[in-house]
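A short write-up of the structure that comes next.
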Amino acid sequence: MGSGGPERDPLDGLDEEQRAAVCAPRGPVCVLAGAGTGKTRTITRRIAQLVRTGHVAPGQVLAVTFTARAAGEMRTRLRDLGVGGVQARTFHAAALRQLRYFWPRVVGDEPWPLLEHKLRLVGQAAQRAGAGTGVEDLRDVAGEIEWAKASLVAAEDYPAAVATARRATPVPAAQVAAVYAGYEELKNRNRVLDFDDLLLHTVAALEEHSAVAQEFRDRYRCFVVDEYQDVTPLQQRMLDAWLGARDDLTVVGDTNQTIYSFAGAAPRFLLEFSRRFPDAVTVRLHRDYRSTPQVVSLANRVISAARGRPAGARLRLEGQRGAGPEPSFAEHEDEPTEADAVAAAIEQLLREGTSAAEIAVLYRVNAQSEVYERALDTRGIPFQVRGGERFFHRPEVRTAVRALRAAATGYSPRPPTSDSVGSALELGATVRAILARQGLTAHPPAGSAARSRWESLRALAELADDLAGSTPGADLGRLVTELDTRAEAAHPPAVAGVTLASLHSAKGLEWDAVFLVGLAEGTLPIQYAEGDQAALEEERRLLYVGVTRARRRLALSWALSRGAGGRRSRRRSSFLDGLAPRKSVASVSAGSSPSS
């Protein structure tokens, strides 16, 4: 069945709908999977079942998703199922791999390097076009260029395309088009590619070179696409080029979690799947194993208020966990007061035994994190800001990995035995001894900076424990290989500490306790969505995504003013109408545990 671990029956522990998806005949298959319904479990089990029944070899499967973390999780689960060799990657990582392989044959010279920081070239193009060159100006225009390329819109067609899409532009559309054209010219002159070019050039290679397409299609026979509601027209075109005339395709998605329309995501591909493939098997996963019935009930109420929901989005979740506390609502005078109340509630949860890693504070925009960082730091509560410095780029992590790599060169473990517990203890003890010289102690140090470094080292040690437990005979060399693979895929281990994250970056994650903060009109929904029904509905889906991140405890709060003592000119989000108590709920204290 493949390498990587003991063989397991892919059908073990599945519910009726999950089993139907896993056992469906060869594609096309569409899995409409609500939040918390076990979609990753289902699609990895489906891949394992296809391999187990001889339909496809592991190396003939290409599974794509949208984040390196999700791809890494998929590979880990497949390895635990005993299925090695499946290619699980992001769209861009898959395209980069293919393009590097086919480039000499298609283009004839060395592959062009990847442009990791595009703002310099965008700035040069903006200066030529007479556009603003401030950092925020350039980011806005770069975002428009990314949207256009993801939407298969050329520079000369941009003004007409945004008019048709009724898309608000940061500067006049003609000026964006001029910067876009100049940027493409500079990029080609410098012989570099940006991330969107990876997909565009891969599509061109497959569509224009039949021999290239045939070689690719001989290699890959079965395709799986996760988060299919977030596919862009460019990604769909690449998927079509991969498939050719075949239909061995499984897609998984939830239109209620479409939150990337601003970047070109188009849920129509998911909604129209059965129209494109009339013989497709469609399975709906509606049993929510993540959240309590109380959280699930609130999530259903949030999304049921949406207007214009297509039939494919009408998926009502059914909570499968035991009962928990009702979600709480709290109104505050100002943001610092709100942040302090949330920090106090988190402190109480920690005293009650909840792990800091199982708590999250979620907000609409990244700028909201600062006041919560200060509030948590004041109380000495460890935290991590999702989207901050990348884990494998941290100095202490790079030093620790070098030490592990050096030790692996001369490491001679005892031969693997059936005693998996003993093997796991040996690797764990060895890794901790090495990391002790880097600063890993039995107990965390005082001070947020020292604590942060310590948490990084502890995360490496716990990853070694996990690897030893899932892979019999794993040694230091295997651990270093795992770390290299994770670093390349940007798939870090979990780090203990309260997570601060935007609602967009929280998608796909879950915690025992979630604080949804800043739920004021103008922030969620964001001010620029006012008057645009489609944009407003996307903001509602963001709230739905936030609610469904919580397993057990959920607290929602908002502040009437921004600064301490400021004018109380705000009002709570209109999305809370009918959900939160009608009168002021300042008496419902967010300073107490959300379980209260």
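Numbers here are sequence positions counted from 1.
In this view, Y363 satisfies the side chain to side chain donor-acceptor pair (under 3.5 Å) rule with no residue, not counting sequence neighbours. For S573, there are no side chain to side chain donor-acceptor pair (under 3.5 Å) partners, not counting sequence neighbours. Listed by chain and number, the residues in a side chain to side chain donor-acceptor pair (under 3.5 Å) with Y180 amount to none (sequence neighbours excluded). Listed by chain and number, the residues in a salt bridge (charged side-chain N to carboxylate O under 4.0 Å, His left out) with E17 are R287 (sequence neighbours excluded). Residues forming a side chain to side chain donor-acceptor pair (under 3.5 Å) with R246 (at least two apart in sequence, or on another chain): none.
Heavy atoms only, all atoms of each residue included: N256 and Y544 are closest at O-CD2, 3.5 Å. Of all the heavy atoms in R549 and G508, the pair that sits closest is NH1-N, 3.3 Å. Residues A173 and P159 approach most closely at CB-CA, 3.9 Å, considering heavy atoms. The two residues A126 and G132 make their nearest non-hydrogen contact at CB-O, 3.8 Å. Counting all heavy atoms, side chain and backbone alike, A142 lies closest to V122 at CB-CG2, 4.4 Å. The minimum heavy-atom distance between A95 and T202, with the atom names listed, is O-OG1, 3.4 Å.
Aromatic ring centres of F269 and F273 lie farther apart than the 6.0 Å criterion allows.
With a 6.0 Å radius and a threshold of 12 heavy atoms from other residues, nucleotides or ligands, Q533 has its CD atom above the threshold. Residue-environment remark: CD (Q127) stays at or below the threshold of 12 foreign heavy atoms within 6.0 Å.
Here S557 contributes atom OG and E331 contributes atom CD; the two are 10.5 Å apart, rounded to the nearest 0.5 Å. Atom-to-atom distance recorded for N300:CG and T548:OG1 is 10.5 Å, nearest 0.5 angstrom. Note that CG of L576 is 5.5 Å distant from CH2 of W558, once rounded to the nearest 0.5 Å. Here the CG-CG distance, from L516 to L554, works out to 5.0 Å after rounding to the nearest 0.5 Å. Residue L500 holds its CG atom at 6.5 Å from OG of S369, rounded to the nearest 0.5 Å. Separating the NZ atom in K149 from the CG atom in L199 is a distance of 10.5 Å, to the nearest 0.5 Å.
Q294 has its side chain within reach of P327: a pair of non-hydrogen atoms, C-beta onward, lies under 4.5 Å apart. Contact check for L503 versus I259: no side-chain heavy atoms found under the 4.5 Å cut-off. In this structure, L239 and V231 have side chains that are not in contact, with every pair of non-hydrogen atoms separated by 4.5 Å or more. Side-chain atoms of V225 and V252, non-hydrogen and from C-beta on, never get closer than 4.5 Å to each other. Here the side chains of F329 and L519 are not in contact, with every heavy-atom distance at 4.5 Å or above. The closest side-chain heavy-atom distance from P525 to E521 is below 4.5 Å. With a 4.5 Å cut-off on side-chain heavy atoms, V342 and V517 count as touching. Between F223 and L243, the closest side-chain pair of non-hydrogen atoms falls below 4.5 Å.
Here the side chain of E184 pairs no donor or acceptor atom with the backbone of A181 at under 3.5 angstrom. The backbone N or O of G518 lies less than 3.5 Å from a partner atom in the side chain of E338, making a donor-acceptor pair. Listed for the T169 side chain is no donor-acceptor partner under 3.5 Å among the backbone atoms of P172. A donor-acceptor distance shorter than 3.5 angstrom exists from the side chain of S291 to the backbone of A550, with no hydrogens or angles considered. With T523 contributing its side chain and I526 its backbone, the two residues share no donor-acceptor pair below 3.5 Å. Remark: the backbone N or O of A88 is paired with a side-chain donor or acceptor of R75 at under 3.5 angstrom. With hydrogens and angles disregarded, no donor-acceptor distance shorter than 3.5 Å links the side chain of R167 to the backbone of A163. Of the possible polar contacts, one joining the S561 side chain to the E333 backbone as a donor-acceptor pair under 3.5 Å is found.
Salt-bridge annotation for R541 and E537: absent, with no side-chain N of the basic residue lying under 4.0 Å from a carboxylate O of the acidic one. At a threshold of 4.0 Å, the pair E510-R290 counts as salt-bridged, since one of the basic side-chain nitrogens sits closer than that to a carboxylate oxygen. Look at R139 and E144 and you find no salt bridge, because none of the NZ, NE, NH1 or NH2 atoms lies under 4.0 Å from a carboxylate O. Look at R69 and E73 and you find no salt bridge, because none of the NZ, NE, NH1 or NH2 atoms lies under 4.0 Å from a carboxylate O. Between D512 and R552 no salt bridge is recorded (no basic side-chain N to carboxylate O distance below 4.0 Å). Using a cut-off of 4.0 Å between Lys/Arg side-chain N and Asp/Glu carboxylate O, R570 and E335 are scored as salt-bridged. Electrostatic pairing of K187 and D197 counts as a salt bridge here, judged by a charged N lying under 4.0 Å from a carboxylate O.
With hydrogens and angles left out, the side-chain atoms of E538 and S261 include a donor and acceptor closer than 3.5 Å. No side-chain donor-acceptor contact under 3.5 Å links D577 and S574. If you check the side chains of R46 and T250, you find a donor sitting under 3.5 Å from an acceptor. A donor-acceptor contact closer than 3.5 angstrom is absent between the side chains of Y228 and D254.
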Which is it for R364 and E539 under the side-chain contact (heavy atoms from CB on, under 4.5 Å) test, yes or no, and what are the steps along the way?
CA-CA 9 Å; R364 174 63 178 85; E539 293 290 298; 2.8 Å; yes
Let me see the working for D240 and R276 under salt bridge (charged side-chain N to carboxylate O under 4.0 Å, His left out), right down to the final yes or no.
CA-CA 12 Å; D240 290 341; R276 177 179 176 183; 2.9 Å; yes
Test log, rule side-chain contact (heavy atoms from CB on, under 4.5 Å), inputs T258 and L270
CA-CA 11 Å; T258 302; L270 176 61; over 6 Å; no
Check the pair Y260, K507 against side-chain contact (heavy atoms from CB on, under 4.5 Å), reporting the backbone distance first and the verdict last.
CA-CA 11 Å; Y260 294 109; K507 189 166 180 292; 4.0 Å; yes
Checking side-chain contact (heavy atoms from CB on, under 4.5 Å) for the pair W511/I359: CA distance, chi angles, key distance, verdict?
CA-CA 6 Å; W511 297 268; I359 302 172; 5.9 Å; no
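Ring pair F195/H92 is perpendicular by interplanar angle, where above 60° counts as perpendicular and below 30° as parallel. Using cut-offs of 30° and 60° on the angle between ring planes, the pair F262 and H504 is perpendicular.
Residue pairs satisfying the side chain to side chain donor-acceptor pair (under 3.5 Å) criterion with at least one member in residues 26-41, sequence neighbours excluded, are listed as follows: R26-D247, K39-D226, K39-E227.
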